[in-house]
Amino acid sequence: MELRPYQKGAEAAILGEWDKGVLRTLLVLPTGCGKTIVFSKVIEDQVKAGDRVLVLAHRGELLMQAADKLQKSTGLGSALEKAESSCLGSWFRVTVGSVQTLMRDKRLHQFPPDYFGTIVVDEAHHVLSDGYLRVLNYFEHAKVLGVTATPDRGDMRNLGQYFESLAYEYKLPQAIRDGYLTPIKALTIPLKLDLSGVAIQGGDFAAGQLGTALDPYLEQIAAEMWEYCKDRKTVVFLPLVKTSQKFRDILNQHGFRAAEVNGSSDDRAEILNDFDKGKYNVLCNSMLLTEGWDCPSVDCIVVLRPTKVRSLYSQMVGRGTRLCPGKDHLLLLDFLWHTERHELCHPANLICENDEVANKMTKNIEEASADPAGCPVDLEEAQQKASDEVVAEREEALAKQLHEMRRRKQRLVDPLQFEMSIQAEDLSSYVPSFGWEMGPPSDKQKATLEKLGIMPDQIENAGKANMLLNRLAARRDNGLTTPKQIRFLEGKGFKHVGTWRFEHAKGLIDRIAANGWRIPRGIDPATYQGE
């Protein structure tokens, strides 16, 4: 199977991390971008290099899917380590294994600790659970690849407790732009659902209380769905099986052809097949379909299981992002959840890493949906609008700060001013992910930053300091303005000096100096365009 360009890049990056001696590394691909294909090729590479490989997952469907994709894409067969099946004595070099089986001491200790040279963890956002850690720590010298679709840096910061690096990340907006996933349009339904009384359990909303809180609104939700979803193929995620079954019945009363599946459904495969073929146009489930199920023709997702966990939210929405003939976008219905907590996931969280931009984008989508003539909003366009507005607000606040600081004649450039001037969103929204990045900046980093003209006091961690130093080195090599030039010229009212050439800024400063440190006649700093 021919890999796509980003899949080739991912394969090379993973092997590169292991070659450098980084044993535990992550691959992040959005749902629908072929993560199983990528790790199948990596497995093929490792088998050729002489390793035994273990693919570790927590559900039977994921194990079977991995074995099937591995066979089809590389020709490699695999043994099964689950329940009564064991790979011991098999001639297969690849094993797909259930973490629930392998975590048992008696089962685990049948293997020498060096039995597997490489381990692939599918849906790696589960890796911090006791079962996974027990297995991984037993095979402590194996190279480990974790694969996940989580879009959230906060999730990866947690994963940084185990993984040492992020080998490769392909972001959802880029996958949409490159034509590998369908565009997403969001619509906020003007129906306020009160969750203020729902407790938090295990870091997320308690499913039992969510079901009770949803019950009074199910009739209204079904009526709203008829307006927007009657001609679509829709998957609805709900918190409880009984809520899912109740909502199926309500939808059918409203004219839909709705079905429901759960972990106890004897006819689950038949229902999923009938939904795929169009017998049903709505499929209700209680979190069963978040992983390991694909139906590319799904073009509407309704999330009635509000969550704080972005990886879970991404998995739900990911059921509808695959390409399909005749499908030009995925409609994602959002709701006005009334809660005292502000970390609830919304469509903006799928593509925004910066919370400030995400909050602005969520507010904008809600306002657009409230308009009687409002239409679903394209997420990429909404992100750009929100990002522009946040930048404008930051610039306004920065201008006020600079005005207040001007009299102080500070010798160093504030890091925020530098980031805004060079228009570096990656610096502004940076969140440390792995071990050393989270520690404070070293004395050497702070001294070097100060020498280069950056005020180090407001830099909170070593990862941010390292990014700034790398950016300053790259700017020097490319002949761009220095922090001191930025501080001086922006202090005189010039805009975005960080995008200018060094020599151009130097020439302008020389002219100002020759004019008695006054702006030469004919130059308006507010409108002046540097090279």
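It should be emphasised that the depicted structure is a prediction, and the values quoted were computed from it without experimental measurement.
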In terms of side-chain heavy atoms, does K327 have a donor or acceptor partner in T182 at a distance below 3.5 Å? no
Considering only heavy atoms from C-beta outward, does the side chain of L214 approach that of F247 to under 4.5 Å? no
Please answer whether the main-chain N or O of C33 pairs with a side-chain N or O of Q7 as donor and acceptor at a distance below 3.5 Å. yes
Flag the pair F237 / V302 as yes when at least one side-chain heavy-atom distance between them is below 4.5 Å, and no otherwise. no
Do you know the tightest heavy-atom contact between R310 and C352? NH1-O, 4.1 Å
Check: E490/S421 side-chain N/O donor and acceptor closer than 3.5 Å: yes
Around atom CD of E395, are there more than 12 heavy atoms of other residues, nucleotides or ligands at under 6.0 Å? yes
Once rounded to the nearest 0.5 Å, what's the spacing between atom OG1 of T25 and atom OH of Y168? 13.0 Å
Close side-chain approach of W500 to L489, heavy-atom, < 4.5 Å: yes
For the pair Q209 (side chain) and A199 (backbone), establish whether a donor and an acceptor sit closer than 3.5 Å, ignoring hydrogens and angles. yes
Candidate pair H346 and I365, rule side-chain contact (heavy atoms from CB on, under 4.5 Å), full reasoning: CA-CA 10 Å; H346 291 282; I365 292 174; over 6 Å; no
Nearest 0.5 Å, please: how far is CG in L449 from CE in M455? 12.0 Å
Determine whether a donor-acceptor pair (N or O, by modelled atom type, separation under 3.5 Å) exists between the side chain of D299 and the backbone of R232. no
Okay, side chain of R501, backbone of N478: is any donor-acceptor separation there less than 3.5 Å? yes
Below 4.0 angstrom, N of the basic side chain to O of the carboxylate: do E419 and K464 qualify? yes
In terms of relative ring orientation, are H504 and Y528 parallel, tilted or perpendicular, with 30° and 60° separating the classes? parallel
Backbone of Q383 reached by a side-chain donor or acceptor of S387 within 3.5 Å: no
Nearest 0.5 Å, please: how far is CZ in R319 from SG in C300? 15.5 Å
In this structure, which one of L195, L304, T188 forms a side chain to side chain contact (heavy atoms under 4.5 Å, CB included) with F335? L304
Any side-chain donor-acceptor pair under 3.5 Å between N364 and E389? yes
Does Y6 have any ring pair (Phe, Tyr, Trp, His ring centres under 6.0 Å) partners at least two apart in sequence or in another chain, and if so, which? Y170, Y180
So CG of L472 and CD1 of I422: to nearest 0.5 Å the spacing works out to 7.5 Å
Could you report the tightest heavy-atom contact between T234 and C229, atom names first, then the distance? OG1-CB, 3.7 Å
Quick test of your reading of the model: are E123 and K35 salt-bridged, counting only N-O distances below 4.0 Å? yes
Test log, rule side-chain contact (heavy atoms from CB on, under 4.5 Å), inputs K233 and L283: CA-CA 8 Å; K233 195 165 190 173; L283 188 60; over 6 Å; no
Check L238 against S244 and note the closest heavy-atom contact, atom names and distance. CD1-CA, 3.7 Å
Pairwise side-chain contact, M467 with D426, heavy-atom cut-off 4.5 Å (strictly under): yes
Within a strict 4.5 Å, meaning less than it, do heavy atoms of the I221 and V236 side chains meet? no
Please determine whether the number of non-hydrogen atoms from other residues, nucleotides or ligands lying under 6.0 Å from atom NZ of K230 exceeds 12. yes
Quick check: are there more than 12 heavy atoms from other residues, nucleotides or ligands sitting under 6.0 Å from NZ of K495? no
Taking all atoms of both residues into account, what is the closest heavy-atom pair of L159 and A124, and its distance? CD2-O, 3.4 Å
E260 side-chain N/O to C284 backbone N/O, donor-acceptor pair under 3.5 Å: no
Using the ring of each side chain (for Trp, its six-membered ring), is Y132 parallel, tilted or perpendicular to H126, with breaks at 30° and 60°? parallel
Using the side-chain hydrogen bond (donor to acceptor under 3.5 Å, both in side chains) definition, which of the options T481, N470, T482 pairs with R475? T481
State whether a side-chain donor-acceptor pair under 3.5 Å links N466 with E437. no
For residues L3 and I37, determine if any side-chain heavy atom of one lies less than 4.5 Å from a side-chain heavy atom of the other. yes
Answer yes when E11 and K8 have at least one side-chain N-carboxylate O distance shorter than 4.0 Å, and no when they do not. no
How about H125 and V309: do any of their side-chain heavy atoms sit closer than 4.5 Å? no
Of V42, L145, T148, L166, the residue whose pairing with L27 passes side chain to side chain contact (heavy atoms under 4.5 Å, CB included): L145
Take K20 and S165, measure what side-chain contact (heavy atoms from CB on, under 4.5 Å) needs, and give me the verdict at the end. CA-CA 11 Å; K20 289 189 299 186; S165 73; over 6 Å; no
Provide the closest heavy-atom pair for T243 versus G211 in the form atom of the first, atom of the second, distance. OG1-CA, 3.6 Å
What's the spacing between Y430 OH and E425 CD if we round to 0.5 Å? 15.0 Å
Given the rule in the salt bridge (Lys or Arg N to Asp or Glu O under 4.0 Å) test, do K171 and E380 qualify, once you have shown the distances and angles that lead to the verdict? CA-CA 12 Å; K171 297 179 184 294; E380 279 203 273; over 6 Å; no
Identify the heavy atoms of R487 and L412 that sit nearest to each other, and give their distance. CD-O, 3.7 Å
Tell me whether Y217 contacts the main-chain N or O of D194 through its side chain, where contact means a donor paired with an acceptor under 3.5 Å. yes
Could you go through the side-chain contact (heavy atoms from CB on, under 4.5 Å) check for L452 and L469 one step at a time? CA-CA 9 Å; L452 295 173; L469 289 168; 4.1 Å; yes
Main-chain N/O of G318 paired to T321 side chain as donor or acceptor, under 3.5 Å: yes
Is there side-chain contact between D294 and Q65, with at least one heavy-atom pair below 4.5 Å? yes
Rounded to the nearest 0.5 Å, the NE2 atom of H329 sits from the CD1 atom of I176 at a distance of 12.0 Å
